[in-house]
There are 2 protein chains.
Amino acid sequence: MSRWSPNSRGRLEQAAYELFLGQGYEQTTVADIAKRAGLTERTFFRHYADKREVLFGGSAALQDQLLRELDRLPSTLPTIEAVRIAVEAIASLLHGRRALARERQRIVAAHADLQERELIKRATLTAALAQALQRRGVPEPAASLAADMGIGVFYVGFGHWLTDPADRELVEIVHEGFDQLKAVASGI
Amino acid sequence: MSRWSPNSRGRLEQAAYELFLGQGYEQTTVADIAKRAGLTERTFFRHYADKREVLFGGSAALQDQLLRELDRLPSTLPTIEAVRIAVEAIASLLHGRRALARERQRIVAAHADLQERELIKRATLTAALAQALQRRGVPEPAASLAADMGIGVFYVGFGHWLTDPADRELVEIVHEGFDQLKAVASGI
DNA sequence: ATGTTCATGTCAGTTACTGTCATCACATGG
DNA sequence: CCATGTGATGACAGTAACTGACATGAACAT
């Protein structure tokens with residue numbers, strides 16, 4: 001058997017969530033998190049570049065899925081349709097995780113430095129999408145605009161998904177978001 | 001005469017710029033900055049919430065000017081025109097400071113944590129503008145959209161201003177940016 | 001067997017940031 | 001002219017985020 005318990009990264013993430021929710025983000029030290037995960041502080045920083053990053057482990061998966069989905073699509077598709085399908089793919093990734101997402105949102109909303117991190121993740125995602133669209137042959141500035149709109153629709157929908165009392169699925173909300181976007185853009 | 005030399009905040013800012021440019025942002029400690037300004041580290045943190053903030057002293061002035069200019073304008077003006085005039089007002093605030101802005105940009109571009117701060121400043125500015133527009137009677141989501149567009153035009157123009165070899169004034173660039181925005185929005 | 005790799009531990013160090021109290025020029029009011 | 005704030009700064013100790021360097025030992029390859 002292995003020298004160390006498996007999935008140390010996941011254990012760190014889980015420990016962090018438990019402590020952040022139980023005693024607050026600021027009141028939780030990295031040493032606390034590591035201890036609860038049965039590891040040392042030094043090892044935490046081998047898995048996460050800094051304390052905030054433990055709350056953003058999912059964004060890499062999101063970006064991967066977005067780009068992979070885009071690659072699967074025929075390049076004959078209109079740009080906005082390709083973006084819609086790719087964004088809906090990452091929306092479906094969050095299926096059944098609304099409670100978790102809400103808890104995470106509560107933590108992030110309460111701390112300015114976490115919001116900073118969220119903004120740069122969004123900017124990175126947008127830039128990656130814009131670049132992928134350019135690789136598909138979409139010229140500038142259409143690629144950047146389409147990326148902005150697509151990620152914008154995703155985040156707006158995400159906010160609704162978290163706060164709306166009705167529990168519609170995020171994919172649905174995002175789908176309708178694109179309908180509305182088209183309506184606004186065509187001046188209806 | 002006064003017990004302390006005047007303008008300690010300004011001295012801290014100047015010292016910070018000199019050191020950041022001379023020996024790099026990371027290599028410069030807050031103690032270094034304070035010492036060069038003839039103050040102590042503790043006093044630095046009384047003027048700036050953290051080390052990064054010393055590079056963002058101007059954004060408060062920007063926001064003030066933006067909102068003040070907007071208040072001066074008659075509410076009969078179309079929303080986009082009001083936004084244009086207010087944004088052009090803050091663009092004129094940077095007149096003659098291009099060299100300084102370029103140096104600052106070089107520092108910010110090289111450090112992810114500074115970019116995070118820049119993004120949240122932009123988001124704050126956008127939110128403040130959207131709120132001011134709502135106070136003028138602009139309904140949602142038009143207020144938020146107009147704010148996004150206005151600040152977007154400003155930042156895109158700012159980027160061109162810094163990188164373009166031709167030295168057109170920022171106000172001009174921003175003015176034309178709004179023209180282009182209108183053209184794109186009306187489907188030309 | 002033997003060497004290598006790789007995730008982790010250990011430990012010492014730096015630096016950003018905070019709380020608390022002292023100091024003392026200046027203003028203000030009597 | 002004296003007493004009494006007030007406000008910006010200094011002094012100092014402390015916490016916690018983050019880093020560099022080296023050690024360890026199970027797993028794995030040869």
Side-chain angles (χ1 to χ4, degrees), chain A residues 1-20 22-57 60 107-108 110-118 120-121, chain B residues 1-20 22-57 60 107-108 110-118 120-121:
Chain A
M1 80 188 244
S2 184
R3 184 178 181 190
W4 289 286
S5 319
N7 193 25
S8 48
R9 189 183 166 94
R11 270 154 49 218
L12 284 168
E13 182 177 338
Q14 171 142 14
Y17 268 97
E18 290 165 3
L19 290 171
F20 290 168
Q23 62 186 42
Y25 171 75
E26 284 171 328
Q27 285 65 47
T28 302
T29 70
V30 173
D32 290 339
I33 301 170
K35 194 170 186 181
R36 175 175 265 248
L39 296 163
T40 64
E41 191 182 351
R42 191 66 183 87
T43 297
F44 177 95
F45 286 111
R46 288 199 179 96
H47 286 280
Y48 296 102
D50 54 48
K51 182 182 170 183
R52 300 178 235 171
E53 199 64 18
V54 73
L55 283 166
F56 294 89
I107 302 170
V108 172
H111 299 277
D113 52 342
L114 293 174
Q115 289 166 51
E116 287 184 349
R117 181 57 51 86
E118 183 121 311
I120 210 168
K121 293 292 182 186
Chain B
M1 72 189 254
S2 185
R3 184 178 181 191
W4 317 106
S5 318
N7 193 24
S8 47
R9 190 183 165 94
R11 270 154 49 216
L12 285 167
E13 182 177 337
Q14 171 142 14
Y17 268 97
E18 289 165 2
L19 290 171
F20 290 168
Q23 62 186 41
Y25 172 75
E26 284 171 330
Q27 285 65 45
T28 303
T29 71
V30 174
D32 290 340
I33 300 170
K35 194 170 187 181
R36 175 175 266 248
L39 295 164
T40 64
E41 192 182 351
R42 192 65 185 87
T43 296
F44 177 94
F45 286 110
R46 289 199 179 95
H47 285 281
Y48 296 101
D50 54 46
K51 182 182 171 184
R52 302 178 234 170
E53 199 64 17
V54 72
L55 284 166
F56 295 88
I107 302 170
V108 172
H111 299 276
D113 53 341
L114 293 174
Q115 289 165 50
E116 287 184 349
R117 182 57 51 87
E118 184 121 310
I120 210 168
K121 292 292 182 184

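Residues from residues 35-48 of chain B lying near DNA chain C, meaning a heavy-atom separation below 4.0 Å, are B:Glu41, B:Arg42, B:Phe45, B:Arg46 in numerical order.
In this structure, B:Arg3 atom CZ and C:dA25 atom P are separated by 5 Å, rounded to whole Å. Distance A:Gln23 CD to D:dA16 C1': 14 Å, rounded to the nearest Å. As rounded to whole Å, 16 Å separates atom P of C:dT14 from atom CD of B:Gln27. We find that CD1 of B:Ile33 is positioned 11 Å from C1' of C:dA16, with the value rounded to whole Å. Straight-line distance from the CG atom of A:Asp113 to the P atom of C:dA16: 16 Å, rounded to whole Å. The CG atom of A:Asp32 sits 12 Å away from the C1' atom of D:dT15 (whole-angstrom rounding).
Between B:Ser8 and D:dT9 there is a side-chain N or O to OP1 or OP2 distance below 4.0 Å.
Inter-residue side-chain proximity for A:Tyr17 and A:Val54 is flagged as unmet; no heavy-atom pair is nearer than 4.5 Å.
In this structure, A:Arg11 contributes its side chain and A:Ala37 its backbone to a donor-acceptor pair below 3.5 Å.
Listed by chain and number, the residues in a salt bridge (Lys or Arg N to Asp or Glu O under 4.0 Å) with B:Asp50 are B:Arg117 (sequence neighbours excluded). With sequence neighbours excluded, the residues forming a side-chain hydrogen bond (donor to acceptor under 3.5 Å, both in side chains) with A:Arg36 are A:Glu18, listed by chain and number.
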